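None of these values were measured; they are calculated from a predicted model. Remember, it's 1-based here, ligands and their atoms both numbered in the order they're listed.
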Amino acid sequence: MQGRILKGVGGLYEVYLEGKGSYACRAKGIFRKKKIRPNVGDYVDIDILSETDREGNITVIHPRKNSLIRPMVANVDQAMILFAVHEPEPNYHLLNTFLIMMQQQNVPVAICINKMDLADPEDAVYIRKNYEKSGAGVHFISAIEGDGMEEIREILDRKTTVLAGPSGVGKSSLLNSLVKETRMETGSVSIKIKRGRHTTRHSELIHIARGTYVLDTPGFSSLYLPEMEKEKLKDYFSEFAPCEGKCRFLDCSHITEPDCAVKKAVEDGEISRLRYDDYVYT
Ligand code: GDP
Ligand code: ZN
């Protein structure tokens, strides 16, 4: 039976089988010997030990398409980062850091701005203008009123998506509205894996619909990039790409050098100043 690891705590894994629900599984000793650890997001084969207790053994871990380190999850197609247009105000530095982090791991990102029912008319224009060249798509929704939810469903459809966002932006509201319909449709069984008292909350995959999974990533209020040279950083700002080779110095850092094409593009309004200032600050 092939399934997907939704979460793992203390050597116990919740494996979800489409149409059958979840089983609490342990990994066989042979993985330990081979130094392979089952990961959230892994496609695995299990032997069902008991249907009544919903227990099984993981016997095979299928090859991973990719494997992210932050957050820890395998077989990811894309990431979605959620912010609110207000309450709380968007933290653009956090957003930019997230974009860099995902680019480093080759994961495309969709930016999703929630609570558009609270927006002023110019808010969407401002955000779109600053991020249209960032390489990430920008989408506006109201999880409470249901606006834009169709578009979000389409983006997520049949993919595995890392969903991140600081607390208070409406992540639970969004997930609830995505899960609500399917839970009622399938009546799928979910097991509860007991959590140790002092363990921090782990990332967890949520089954939304057939083939559609979202990783709920907790504890996302600050992010730190691994030490990286400034020379590398500029490669992660997609809007700088058209300026490539046009600065006086080939190794221009676009910060203090004269005749810098990037700085000129910022002056001309072709590159977002918000994004550029954050590049300098990072
Ligand atoms: P989380 O911390 O990201 O999981 O955020 P929650 O889903 O718990 O939402 C935080 C607060 O924002 C709650 O009071 C929600 O009712 C509210 N909220 C969520 N989505 C919307 C929205 O689209 N519009 C408005 N006005 N409030 C929302
Ligand atoms: Zn330059």
| query | Please walk me through it: do N39 and Y13 pass side chain to side chain donor-acceptor pair (under 3.5 Å)? | reply | CA-CA 9 Å; N39 225 341; Y13 300 90; over 6 Å; no

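Under 4.0 Å is where a charged nitrogen must lie from a carboxylate oxygen, and between D77 and R158 no such pair does. The pair R275-E239 meets the salt-bridge criterion, since a charged nitrogen lies less than 4.0 angstrom from a carboxylate oxygen. Under a 4.0 Å N-O distance rule, the pair E51/K20 qualifies as a salt bridge.
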Extract all N/O-N/O pairs under 3.5 Å that connect ligand 1 to the protein, and present each with both atom names and the distance rounded to 0.1 Å.
unit_1: ligand 1; atom_1: 2 (O); unit_2: G168; atom_2: N; d: 2.7
unit_1: ligand 1; atom_1: 3 (O); unit_2: G168; atom_2: N; d: 3.3
unit_1: ligand 1; atom_1: 3 (O); unit_2: V169; atom_2: N; d: 3.3
unit_1: ligand 1; atom_1: 3 (O); unit_2: G170; atom_2: N; d: 3.0
unit_1: ligand 1; atom_1: 3 (O); unit_2: K171; atom_2: N; d: 2.8
unit_1: ligand 1; atom_1: 4 (O); unit_2: S172; atom_2: N; d: 2.9
unit_1: ligand 1; atom_1: 4 (O); unit_2: S172; atom_2: OG; d: 2.4
unit_1: ligand 1; atom_1: 5 (O); unit_2: G170; atom_2: N; d: 3.1
unit_1: ligand 1; atom_1: 7 (O); unit_2: S172; atom_2: N; d: 3.4
unit_1: ligand 1; atom_1: 7 (O); unit_2: S173; atom_2: N; d: 2.9
unit_1: ligand 1; atom_1: 7 (O); unit_2: S173; atom_2: OG; d: 2.6
unit_1: ligand 1; atom_1: 12 (O); unit_2: K115; atom_2: NZ; d: 2.9
unit_1: ligand 1; atom_1: 20 (N); unit_2: N114; atom_2: ND2; d: 3.2
unit_1: ligand 1; atom_1: 23 (O); unit_2: N114; atom_2: OD1; d: 3.2
unit_1: ligand 1; atom_1: 23 (O); unit_2: D117; atom_2: OD1; d: 3.4
unit_1: ligand 1; atom_1: 23 (O); unit_2: S142; atom_2: OG; d: 3.2
unit_1: ligand 1; atom_1: 23 (O); unit_2: A143; atom_2: N; d: 3.0
unit_1: ligand 1; atom_1: 23 (O); unit_2: I144; atom_2: N; d: 3.2
unit_1: ligand 1; atom_1: 24 (N); unit_2: D117; atom_2: OD1; d: 2.8
unit_1: ligand 1; atom_1: 24 (N); unit_2: D117; atom_2: OD2; d: 3.3
unit_1: ligand 1; atom_1: 26 (N); unit_2: D117; atom_2: OD2; d: 2.7

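Taking 2.8 Å as the criterion, H254 counts as a coordinating residue of the Zn ion (ligand 2), since one of its N, O or S atoms falls below it.
Using a 30° and 60° split on the angle between ring planes, Y276 and Y279 fall in the tilted class, from 30° to 60°.
Checked by atom type, the side-chain pair E257/H254 shows no donor-acceptor distance below 3.5 Å. Counting only N and O atoms by type, the side chains of N57 and Y23 include no donor and acceptor under 3.5 Å apart.
The Zn ion (ligand 2) is the vertex of the angle joining SG of C247 and SG of C252, which measures 110° to the nearest 10°.
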